[in-house]
There are 2 protein chains.
Amino acid sequence: MVTLKHLAEQLSVSISTVSKALNNSDEISPDTIERVKALAKHLNYKPNKLAVSLKKSKTFTIGVIVPNILNHFFAKALYAIEMEATKHGYNIITCLSNETRSKEDNSLQLLSNGSVDGFILSIAEETQIKDNIEHINDILKQNIPIVLFDRVSDLIACDKVIIDDFGAAFEATEYLLKEGRKHIVLIGDIEELSVGKLRTNGYLKALEDASDYSSGPEILSLKRGESAEAQIESLLRDDNSIDGIIAIDNVSGVIALQKAIKHKRKVPKDLSIIGFSDENVLQFTDPKLSTVSQHTFDIGRASVELLLARLEDRTPKTHTTKTIKTKLILRDTTL
Amino acid sequence: MVTLKHLAEQLSVSISTVSKALNNSDEISPDTIERVKALAKHLNYKPNKLAVSLKKSKTFTIGVIVPNILNHFFAKALYAIEMEATKHGYNIITCLSNETRSKEDNSLQLLSNGSVDGFILSIAEETQIKDNIEHINDILKQNIPIVLFDRVSDLIACDKVIIDDFGAAFEATEYLLKEGRKHIVLIGDIEELSVGKLRTNGYLKALEDASDYSSGPEILSLKRGESAEAQIESLLRDDNSIDGIIAIDNVSGVIALQKAIKHKRKVPKDLSIIGFSDENVLQFTDPKLSTVSQHTFDIGRASVELLLARLEDRTPKTHTTKTIKTKLILRDTTL
DNA sequence: GTGAAAGCGCTAACAA
DNA sequence: TTGTTAGCGCTTTCAC
């Protein structure tokens with residue numbers, strides 16, 4: 001590895017001269033700067049990032065902790081985060097909590113030792129269910145900034161990026177009501193998460209507000225141990241009166257659609273389906289699923305922006321919660 | 001941030017004593033060790049990783065560069081890599097090339113300055129098409145080890161993890177032939193990649209070997225600018241004689257299946273479909289797609305193992321190419 | 001315009 | 001058993 005020292009020796013100048021020259025200091029003569037830069041280029045010199053970071057107490061690295069990268073939502077969020085971070089000259093260190101509190105805690109601990117300047121994090125399911133978020137607040141206490149996205153907690157005081165889950169589900173339900181649907185079922189496997197609760201409430205409120213809707217709310221809360229497909233298929237098979245489905249997680253909408261096709265239900269004539277997802281999750285169905293689009297790319301980008309603002313002291317002392325707009329995208333599974 | 005210096009001052013001992021105590025050196029008295037450790041724990045001391053890395057010239061960090069994280073194959077590979085790396089006490093810095101050579105090169109450059117101990121990389125499409133791999137060899141020349149996975153190149157001398165693409169496609173085609181299929185079409189959008197070529201050759205060889213197969217090979221090479229769905233749909237619509245499909249990329253198989261259902265083709269009675277993918281890509285179709293499973297998790301794990309072996313000097317001078325077994329998984333779209 | 005020296009936080013050879 | 005010192009590669013203040 002080529003170091004400043006090597007360059008200095010070759011050029012018979014001091015290390016500090018070389019350093020300054022490479023940083024275009026106006027203390028150094030143009031001539032020297034040129035000579036130094038020429039040799040640096042020739043020898044393919046690259047400043048050792050560890051040394052610079054150590055010296056400056058600044059790593060230009062963000063720790064990103066996501067619950068499950070096999071979930072397309074998080075994959076896309078990571079994509080957006082990486083793109084935006086790179087744009088600003090930051091690297092990302094990626095950790096996966098796999099929905100467990102222990103791994104989340106572990107990653108936080110392991111990176112909060114000078115490895116990263118801050119964190120972008122979506123809370124693990126286990127953490128959210130137990131509502132045990134001390135490990136996260138511990139990091140905050142050490143003055144390491146964190147931006148929470150999607151899955152957040154009121155018990156944590158930091159910057160956050162969310163979508164209007166309540167409003168989005170409300171709007172989707174309202175749409176089905178306007179279509180004249182009489183039996184709308186909500187399907188999901190994320191009732192325990194902050195976002196799941198909000199979406200469920202949005203659905204409930206919309207039904208409540210509908211004066212001419214006679215059947216009560218009906219929720220199929222998918223059980224973990226059992227096949228989601230079997231549960232959804234049996235729902236559709238057993239009850240022919242269902243004419244609307246709101247799927248509040250990533251995949252239930254697609255499953256419902258596949259089962260509806262299999263059982264020859266006319267979609268959307270006799271049955272409307274709206275899923276929750278980013279635009280291009282499981283995009284190859286025919287007909288195409290109507291969805292509440294989460295603008296995942298914007299979520300990731302906003303998270304990075306918020307964190308960098310915090311790191312560069314461009315933010316007020318108070319914490320920001322940024323809400324990314326959702327959009328109801330009507331494709332082929334709604335009228 | 002708590003440092004050794006803080007601990008040393010509080011305990012009125014030297015910094016090196018503290019350092020040694022924390023590392024359980026037998027130069028230090030049990031008593032001192034205990035006192036040091038107690039205070040360290042109390043103050044939540046964490047050794048600064050940058051300093052340790054700088055000192056030891058060892059970062060315990062792996063740079064992972066993948067072409068496209070929205071492709072489920074790479075998401076899963078990343079998942080496996082993160083899991084395995086974490087298990088061995090390594091972090092991963094993730095970079096996305098987005099299939100471009102420039103970003104791939106950039107990431108390599110930016111991390112080869114002491115940030116990582118080595119790389120795990122799958123070659124970007126642009127790099128593979130142009131067969132311009134000097135930037136990768138440059139890194140190798142600097143004695144930074146690289147493990148290539150999935151998309152590899154003969155022009156790069158390093159450890160590699162691949163699957164038997166030729167054999168897998170051969171086996172899949174053979175299976176359809178044994179089913180008695182008379183008109184088997186290959187669909188794909190990755191003919192330009194190393195893996196795509198190998199898979200295509202496997203298909204061709206299988207047809208060639210089949211004495212009683214009268215129609216020639218037929219390949220639908222999906223054009224980039226146009227909709228894959230439209231191209232596949234028109235194939236199926238225009239030619240009713242097609243009774244077998246081998247899809248060599250991640251998603252074409254699912255698209256073909258959806259279109260077949262839409263056009264009321266009996267699957268698998270009148271049309272067999274085999275896709276290429278990991279087990280749980282787009283898993284919610286009904287019927288379920290038969291696939292060549294790539295054992296993506298094993299690919300990721302093997303990549304980490306190979307790299308760590310190299311880093312820890314446990315490997316011979318020569319380079320290893322590890323081939324991960326594929327498996328033809330027959331689900332519902334084959335007889 | 002250039003260089004010496006201190007120091008970021010840590011490890012490790014050597015001295016006491 | 002403990003402490004001193006040098007040094008990883010870099011930046012930056014201060015002196016020349």
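Here is how names work: the chains are called A, B, and so on, in the same order as the sequence lines, proteins then strands, and each is numbered from 1.
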Original post:
Have Ser115(A) and Asn113(A) got a donor and an acceptor in their side chains that come within less than 3.5 Å?
Top reply: yes
Original post:
Do Thr127(B) and Glu104(B) meet the criterion of a side-chain donor-acceptor pair at a distance under 3.5 Å?
Top reply: yes
Original post:
Under 4.0 Å between a Lys/Arg side-chain N and an Asp/Glu carboxylate O for Glu126(A) and Arg101(A)?
Top reply: no
**OP:** Tell me what Ser53(B) touches on the nucleic acid: a base, only sugar-phosphate, or nothing, going by heavy atoms under 4.0 Å.
**Re:** nothing
**OP:** Using atom CG of Leu11(A) as one end and atom C1' of dG3(C) as the other, report the distance to the nearest whole Å.
**Re:** 15 Å
Original post:
What is the distance from CD of Glu34(B) to P of dT1(D), rounded to the nearest Å?
Top reply: 15 Å
Original post:
Got a salt bridge between Arg151(B) and Glu99(B), using NZ or NE/NH1/NH2 to carboxylate O under 4.0 Å?
Top reply: yes
Original post:
How close or far is atom C1' of dT11(D) from atom CG of Asn24(A), stated in whole angstroms?
Top reply: 15 Å
Subject >> Cation-pi geometry met for Lys41(B) and Tyr45(B) (6.0 Å, 45°) >> reply: no
Subject >> Protein-nucleotide distance (Lys58(A), atom NZ; dT12(D), atom P), rounded to Å >> reply: 14 Å
Original post:
Can you give one letter per nucleotide of nucleotides 9-14 of chain C, 5' to 3': B if a protein heavy atom sits under 4.0 Å from the base, S if only from the sugar-phosphate, - if neither?
Top reply: BBBBBB
Original post:
Within the structure shown, what part of the strands sits under 4.0 Å from Asn113(A) by heavy-atom distance: base, sugar-phosphate, or nothing?
Top reply: nothing
